[in-house]
Amino acid sequence: MIAIESLSKRFPRVTALDRLTVGIEPGVTGLVGANGAGKSTLIKILLGLSPATEGTASVLGMDVATQGGAIRERVGYMPEHDCLPPDVSATEFVVHMARMSGLPATAARERTADTLRHVGLYEERYRPMGGYSTGMKQRVKLAQALVHDPRLVLLDEPTNGLDPVGRDEMLGLIRRVHTDFGISVLVTSHLLGELERTSDHIVVIDGGRLLRSSSTADFTQRTAVLAVEVTDTDEHPDGTAVLRAALRQGGLDPHEPASGGAPAPGAGHVVMLDIGGESGDADESVLDTVRDTVAELGLGLVRMERRRHQISEVFTERSTGDVA
Amino acid sequence: MSPDQTPAPQATASGGAATAERGQNVIHNIGYRGYEGPRLGRSYARRALFSQSLRGTYGLGRSAKSKVLPLLLFAAVCIPAAILVAVAALTKAKELQVGYAEYVLLMQPLLGIYLAAAAPQAISMDLRFKTTPLYFSRPMERSDYVAAKYAALSAALFLFTAVPVLIMYIGALLAKLDFGDQTEGAVQGLVFCALFALLHAAIAAWIAALTPRRGFGVAAIIVAITVPYFLVSALQGIAWTSDNNGAIGWLGLGSPGTLLDGVQSRFLGGRSGFPDEQTLTGAQGAVYLVVLAALIVCFCTLLLRRYRKAGL
Ligand SMILES: Nc1ncnc2c1ncn2[C@@H]1O[C@H](COP(=O)(O)OP(=O)(O)OP(=O)(O)O)[C@@H](O)[C@H]1O
Ligand SMILES: [Mg+2]
């Protein structure tokens with residue numbers, strides 16, 4: 001679907017993309033990155049709207065530098081920001097956008113009716129969009145990206161501004177775009193967690209560089225962590241340090257909780273462990289090792305819980321990995 | 001995916017709270033159908049955008065409220081033309097009191113108001129509501145978008161001026177004025193309408209593209225076409241009273257209104273609006289034409305350059 005080869009984009013002050021190389025297969029792909037990671041910049045390059053500083057990329061087998069028009073004919077784009085004029089109805093707007101994609105007038109009307117129904121917009125589609133809720137606006141934005149039946153849609157933060165229910169509905173809709181409509185999806189978010197449920201494949205970028213690209217199943221396994229919180233004792237005034245040392249001797253690889261992001265309760269006394277096993281058994285053996293080690297040291301075990309990596313921790317790992 | 005994932009119709013205006021809509025009342029979507037029909041590409045999209053924008057400048061396809069001003073103004077430029085020919089017919093005059101091109105110049109204040117309302121509507125709103133990225137994420141290039149918008153605005157302005165000219169012409173023929181004279185005058189008048197529209201649309205489109213705020217656009221366009229006109233007219237008046245008659249023609253280059261006035265009196269058989277009804281010398285006439293063309297090209301280039309940055 002998409003092949004990105006050593007792609008860089010430098011603005012006068014910032015490097016938005018830094019020699020990014022990644023391939024994207026048909027299906028739903030999540031593109032995850034913190035604010036400013038370069039997600040939107042990448043999408044604009046893929047649409048052929050903004051030239052890359054160096055490197056190449058192709059979409060549907062077409063070169064973004066030379067075949068932008070042909071790419072845009074078969075690709076849909078949903079921007080991250082508001083883009084709907086308030087004084088026209090969803091129907092009029094989407095019909096117009098369908099014609100802008102080259103659909104004849106009657107086909108544009110038919111496709112608009114179909115697409116709005118598929119995204120879940122019914123009677124309200126005849127009312128001016130100024131009065132729509134955020135959820136409805138996001139649906140119209142999705143509809144205009146799908147109305148010309150593209151082979152691929154690029155969705156830039158489609159869950160932006162939605163409440164949890166709206167978020168779930170949007171994610172369900174995105175899933176259906178692939179499963180029911182047969183359209184491949186590249187969807188961005190700064191939340192790894194929400195894309196895990198929707199995507200077949202996840203690409204994580206940070207500071208314009210590729211952090212990881214792997215199947216979601218693979219990803220979820222590797223990002224599961226165990227958080228162990230212990231108390232200090234007279235014998236071991238720094239319980240976490242002792243535990244960390246002991247675990248390392250036991251062949252495990254404990255690390256500190258991420259400094260970035262929201263501080264977890266009791267963050268200073270927490271030891272994190274990757275649970276990277278292929279099966280649940282491996283997890284169990286890690287749990288046993290931790291419990292036994294804590295007991296041997298005579299520390300008090302406050303809690304031991306499985307957590308998801310937060311995206312910020314994925315980034316910290318990367319930077320520590322760089323040093324090593 | 002299970003069928004209850006299918007979004008159900010929302011009875012209320014709120015799209016968010018949707019827990020209740022699951023379960024009963026689910027309408028099962030018939031499956032997704034792809035599109036195998038033709039994709040007509042850039043030139044089709046350009047034409048569609050042109051006609052949509054042109055209709056929009058007259059409030060067609062928009063709310064009833066936005067039709068009021070354009071239609072009132074349209075009536076206001078047409079009715080005097082009808083009165084003019086009616087008077088000519090009743091008084092059995094040999095020719096119309098006001099020439100065709102001259103009539104267009106007389107209507108300048110109304111044309112200015114129309115333009116100041118139409119250009120931001122056609123251009124600023126796409127920037128304000130950030131709709132332009134949706135256009136540019138489609139096959140059309142930025143130049144297609146600019147061409148469609150400029151053409152729509154020019155056409156709107158041309159219609160606005162050409163219809164009164166046609167009313168006068170038809171009226172003049174009905175009043176049995178000389179066919180040859182009237183036809184020549186009307187053709188010259190229509191050429192003038194085209195020049196007027198091309199220049200003013202270019203200026204107004206560029207100004208409108210500079211600001212996403214409609215109010216600013218309206219004010220800036222009115223200022224841009226009236227202030228230089230009054231300034232130049234005042235300077236011409238001073239030149240005339242101080243016996244610098246040679247300067248009048250050259251000063252007229254300084255505003256779109258006087259520029260067009262000079263062109264119509266020199267080349268299109270109209271009466272000059274300059275002090276002492278002065279017309280241009282041969283050299284001045286040539287310079288006027290060059291400046292007119294250069295201004296149109298210049299503002300169109302600026303407009304195009306504006307969209308290289310804006311609208312992404
Ligand atoms: N036109 C531009 N000129 C200069 N810098 C830019 C421009 N566009 C983006 N940037 C910079 O490039 C970097 C990447 O921006 P980008 O919008 O791609 O990030 P993002 O991953 O989409 O972030 P967000 O989650 O906030 O949408 C940022 O540092 C941003 O400030
Ligand atoms: Mg972004």
Side-chain angles (χ1 to χ4, degrees), chain A residues 44 47 49-50 69-70 72-77 79 81-88 92 96-97 99-105 107 111 114 117-124 127-128 131-137 139 144-145 148-149 154 162-163 165-166 169 172-173 175-176 179-182, chain B residues 1-2 5-19 21-22 27 29-49 51-52 56 61-63 65-66 125-126 128-142 144-145 311-312:
Chain A
K44 278 171 198 157
L47 285 167
L49 295 179
S50 150
R72 293 193 296 272
E73 191 171 279
R74 302 310 303 267
V75 171
Y77 168 56
H81 51 71
D82 279 345
C83 55
L84 308 176
D87 58 344
V88 291
E92 288 172 82
H96 179 58
M97 283 302 149
R99 301 189 68 194
M100 292 300 105
S101 289
L103 269 58
R111 290 278 318 164
D114 274 8
R117 190 166 43 78
H118 280 300
V119 301
L121 224 70
Y122 299 86
E123 282 76 36
E124 56 275 16
R127 284 196 278 115
Y132 286 11
S133 69
T134 308
M136 286 158 68
K137 284 183 184 164
R139 286 163 195 256
Q144 66 78 31
H148 55 298
D149 189 30
L154 308 175
L162 297 179
D163 64 15
V165 176
E169 288 180 348
L173 205 48
R175 191 70 216 157
R176 287 209 304 133
T179 54
D180 295 7
F181 308 176
Chain B
M1 280 282 131
S2 67
Q5 283 281 325
T6 309
Q10 288 161 9
T12 60
S14 79
T19 23
E21 72 189 34
R22 300 249 170 99
I27 291 180
N29 278 339
I30 53 168
Y32 181 82
R33 288 178 295 179
Y35 176 73
E36 303 298 333
R39 293 169 194 268
L40 301 174
R42 282 172 63 181
S43 62
Y44 166 80
R46 206 165 48 211
R47 283 196 306 277
L49 181 60
S51 61
Q52 190 249 13
R62 292 171 51 218
S63 66
K65 213 180 69 187
S66 45
M125 293 300 96
D126 282 349
R128 160 134 176 235
F129 300 115
K130 303 214 182 92
T131 318
T132 36
L134 299 187
Y135 289 104
F136 299 152
S137 67
R138 295 181 148 73
M140 67 166 34
E141 299 289 332
R142 283 161 238 206
D144 296 320
Y145 177 87
L312 266 195

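Order of the sequence lines sets the chain letters (A, B, ...), proteins ahead of strands, with each chain counted from 1. Quantities reported herein were computed from a predicted structural model and do not represent experimental measurements.
Interface residue A/Leu103: backbone and side-chain heavy atoms are both found under 4.5 Å from chain B. Proximity to chain A is limited to the side chain of B/Tyr44, based on heavy atoms less than 4.5 angstrom apart. Proximity to chain B (any heavy atom under 4.5 Å) is shown, for A/Arg99, by both the backbone and the side chain. Proximity to chain B involves both the backbone and the side chain of A/His148, based on heavy atoms less than 4.5 angstrom apart. For B/Met125, no part sits under 4.5 Å from any heavy atom of chain A, backbone or side chain.
For chain B, the option among A/Ala105, A/Pro79, A/Pro104, A/Ala107 with the highest count of heavy-atom pairs below 4.5 Å is A/Pro104. For chain A, the option among B/Gly41, B/Ser66, B/Gly34 with the highest count of heavy-atom pairs below 4.5 Å is B/Gly34. Interface summary for chain B: among A/Gly69, A/Pro128, A/Pro85, the most heavy-atom pairs under 4.5 angstrom belong to A/Pro85.
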Evaluate the criterion side-chain contact (heavy atoms from CB on, under 4.5 Å) for residue pair B/Arg39 and A/Asp149; output intermediate values, then yes/no.
CA-CA 11 Å; B/Arg39 293 169 194 268; A/Asp149 189 30; 4.2 Å; yes
side-chain contact (heavy atoms from CB on, under 4.5 Å) assessment of A/Glu92 paired with B/Gln52:
CA-CA 11 Å; A/Glu92 288 172 82; B/Gln52 190 249 13; over 6 Å; no
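Between B/Tyr135 and A/His96, the two ring planes are perpendicular [angle over 60°; tilted spans 30° to 60°].
Once rounded to the nearest 0.5 Å, the distance linking CG of A/Asp82 with CZ of B/Arg128 reads 12.0 Å. Here the OG atom belonging to B/Ser137 is positioned 9.0 Å from the CG atom belonging to A/Leu154, to the nearest 0.5 angstrom.
Scanning all heavy atoms of the two residues, the minimum distance from B/Tyr32 to A/His118 falls at CA-NE2, 3.6 Å. Minimum interatomic distance between B/Arg142 and A/Leu49 (heavy atoms only, all atoms of both residues): NH2-O, 2.8 Å. When all heavy atoms of A/Asp114 and B/Arg33 are compared, the closest pair comes out as OD2-NH2, 2.8 Å. Annotation for A/Met100 and B/Leu49: closest pair CE-N, 3.5 Å, computed over non-hydrogen atoms. Smallest separation of non-hydrogen atoms from B/Pro139 and A/Ser101: CD-CA, 4.2 Å. For the pair B/Leu134 and A/Cys83, the tightest heavy-atom approach, listed with the atom from each and the gap, is CD1-SG, 3.7 Å.
Counting only distance, with no hydrogens or angles, the side chain of A/Arg72 and the backbone of B/Phe136 share a donor-acceptor pair below 3.5 Å.
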